[in-house]
Amino acid sequence: MFGRKKNLEEDHAPQVDKQYEKKYTDDSFWDKVVKFAKTAGREVIEKALWLYYAAQQPNTPLWAKTAIYGALGYFISPIDAIPDITPVVGYADDLAVLAAAVATVATYITADVKQRAAEKLRGWFGAS
């Protein structure tokens, strides 16, 4: 009761370690997505694109962008819980982190964001 009062951003703090937010760059995100789209699979790439495009929206608040960049930083990091080179399960941890971030910032994943992601996905995976 007498402790430090949390602000809104702290209430919505990402569950991913802050170190991953610092690893995020647009270039490293696109490098990973383009190189590993087929290996990671449609579901992983879809969630990553939703987050990426949601972060580009001017109405997405800082706390949500922090959560997004933390999750995307984890996704692009070569060091994670399950190495991405591990067959079948290599992207399971990435999907879990991306899905948690999607749930956290779902309000900012608009129809426009999903449409932009769908257009990219069609280029890599064809029509679904």
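If you take CG on Leu95 and NZ on Lys47, they are separated by 6.5 Å, rounding to the nearest 0.5 Å. Taking CG of Asp94 as the start and CD of Glu43 as the end, the distance is 12.0 Å to the nearest 0.5 Å. In this structure, Thr110 OG1 and Asp112 CG are separated by 5.0 Å, a value rounded to the nearest 0.5 Å. A distance of 12.0 Å separates CD of Glu46 from CH2 of Trp124, quoted to the nearest 0.5 Å.
Around atom NZ of Lys35, no more than 12 heavy atoms belonging to other residues, nucleotides or ligands sit under 6.0 Å away.
A search for side-chain hydrogen bond (donor to acceptor under 3.5 Å, both in side chains) contacts involving Asp26 returns Tyr24, not counting sequence neighbours.
Contact detail for Ala67 and Ala101: the closest heavy-atom pair is O-CB, 4.3 Å.
Within the 4.5 Å cutoff, the side chain of Ile68 has no heavy atoms near those of the Tyr108 side chain.
Between Val33 and the options Val44, Leu72, Ile76, Ile45, a side-chain contact (heavy atoms from CB on, under 4.5 Å) holds for only Ile45.
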Considering only distance and modelled atom types, tabulate donor-acceptor pairs under 3.5 Å from the side chains of residues 48-62, sequence neighbours left out.
residue	atom	partner	partner atom	Å
Tyr52	OH	Trp30	NE1	3.3
Gln56	NE2	Tyr52	O	3.2
Gln57	NE2	Tyr53	O	3.4
Thr60	OG1	Ala54	O	2.6

